[in-house]
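Quick notes on the structure that follows.
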Amino acid sequence: MSDTSEETLPTLYSYFRSSASWRVRLALAWKGIEYNTEYVNLLINENKEKKYLDINPTGKIPTFVTKEGKILLQSMAIMEYLEETYPERPTLPSGPVHRARVRAVCQMIACDIHPLQNLSVLRYVSDEKEKQEEWAREFIARGFKGLEKELENLSGTYTVGEHITMADFFLVPMVQNAHRNNLDMKPYPLITRISNTLMTLPEFKQTHPFAQPDCPPELRFK
Ligand SMILES: N[C@@H](CCC(=O)N[C@@H](CS)C(=O)NCC(=O)O)C(=O)O
């Protein structure tokens with residue numbers, strides 16, 4: 001872990017490849033919030049060290065520490081906190097139905113798809129990379145099938161309608177995980193089109209895993 005903390009800024013505990021961390025990096029970038037980063041390397045189990053568990057007993061990342069020193073867990077809860085405390089460039093729409101729809105997409109990804117292909121689950125399933133990928137592909141595909149259909153109703157230029165919302169911050173990192181596990185994206189043209197559109201925006205490029213300082217040089221964007 002690096003030590004870059006500065007008292008006046010919030011701190012994000014992040015790992016370049018963690019899609020849940022990328023969601024929060026996106027919300028922070030979208031709202032233009034300055035923050036410090038503490039890097040937690042999941043591959044060498046820094047998330048299981050006492051130093052980290054004292055901050056987040058679940059051993060998961062991200063963790064967000066507000067500028068007042070309050071510790072917040074869970075990417076969606078952190079993003080809701082950012083929405084409430086930094087209302088500029090809102091990431092939730094105004095009406096209750098639209099808000100519920102955005103949250104539903106977030107939860108399809110955060111609750112139904114992502115946990116099944118998390119590193120700790122893959123390590124439990126098998127030691128072999130191929131078997132891990134096969135498992136991840138299966139559960140991302142099952143989730144994307146329903147999501148793609150639902151996006152026929154919900155999407156516009158972006159995941160829900162014509163404005164960037166929290167749902168977009170969940171979608172793009174999930175698509176990145178799908179690519180990483182070599183999922184054939186042909187059955188998901190809407191998910192692919194929206195994700196490609198979003199990836200042209202600076203906030204998405206800057207926060208991409210391969211643009212992070214803790215990304216190994218061989219993977220980093222040239
Ligand atoms: N629901 C949590 C998921 C957090 C999560 O699973 N993070 C992953 C990285 S994307 C992690 O810490 N994995 C390490 C482990 O499970 O040991 C959130 O949205 O913050």
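Each ligand, and each atom within it, is numbered from 1 in the order the structure gives.
Between E83 and K31 there is a salt bridge, since at least one side-chain N of the basic residue sits less than 4.0 Å from a carboxylate O of the acidic one.
Put simply, the side chain of Y52 gets close to the backbone of K60: a donor and an acceptor are under 3.5 Å apart.
A donor atom on one side chain and an acceptor atom on the other are found under 3.5 Å apart for T157 and E162.
Not counting sequence neighbours, the partners of E150 by the side chain to side chain donor-acceptor pair (under 3.5 Å) test are N153. Legend: residues meeting salt bridge (charged side-chain N to carboxylate O under 4.0 Å, His left out) with E128, ordered by chain and number and at least two apart, are K131.
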Just the distances, no angles: every ligand 1 N or O to protein N or O pair closer than 3.5 Å, one line each.
from: ligand 1; atom 1: 1 (N); to: Q74; atom 2: OE1; distance (Å): 2.7
from: ligand 1; atom 1: 6 (O); to: N118; atom 2: ND2; distance (Å): 2.7
from: ligand 1; atom 1: 7 (N); to: I61; atom 2: O; distance (Å): 2.8
from: ligand 1; atom 1: 12 (O); to: I61; atom 2: N; distance (Å): 2.9
from: ligand 1; atom 1: 13 (N); to: N118; atom 2: OD1; distance (Å): 3.3
from: ligand 1; atom 1: 16 (O); to: K60; atom 2: NZ; distance (Å): 2.8
from: ligand 1; atom 1: 16 (O); to: S120; atom 2: OG; distance (Å): 3.0
from: ligand 1; atom 1: 17 (O); to: N47; atom 2: ND2; distance (Å): 3.4
from: ligand 1; atom 1: 19 (O); to: R23; atom 2: NH1; distance (Å): 3.1
from: ligand 1; atom 1: 19 (O); to: S75; atom 2: N; distance (Å): 3.4
from: ligand 1; atom 1: 19 (O); to: S75; atom 2: OG; distance (Å): 2.6
from: ligand 1; atom 1: 20 (O); to: S75; atom 2: N; distance (Å): 2.9

Table please: side-chain donor-acceptor pairs of residues 70-82 below 3.5 Å, with sequence neighbours left out.
from: S75; atom 1: OG; to: R23; atom 2: NH1; distance (Å): 2.9
from: E80; atom 1: OE1; to: R103; atom 2: NH2; distance (Å): 3.2
from: E80; atom 1: OE2; to: R103; atom 2: NE; distance (Å): 2.8

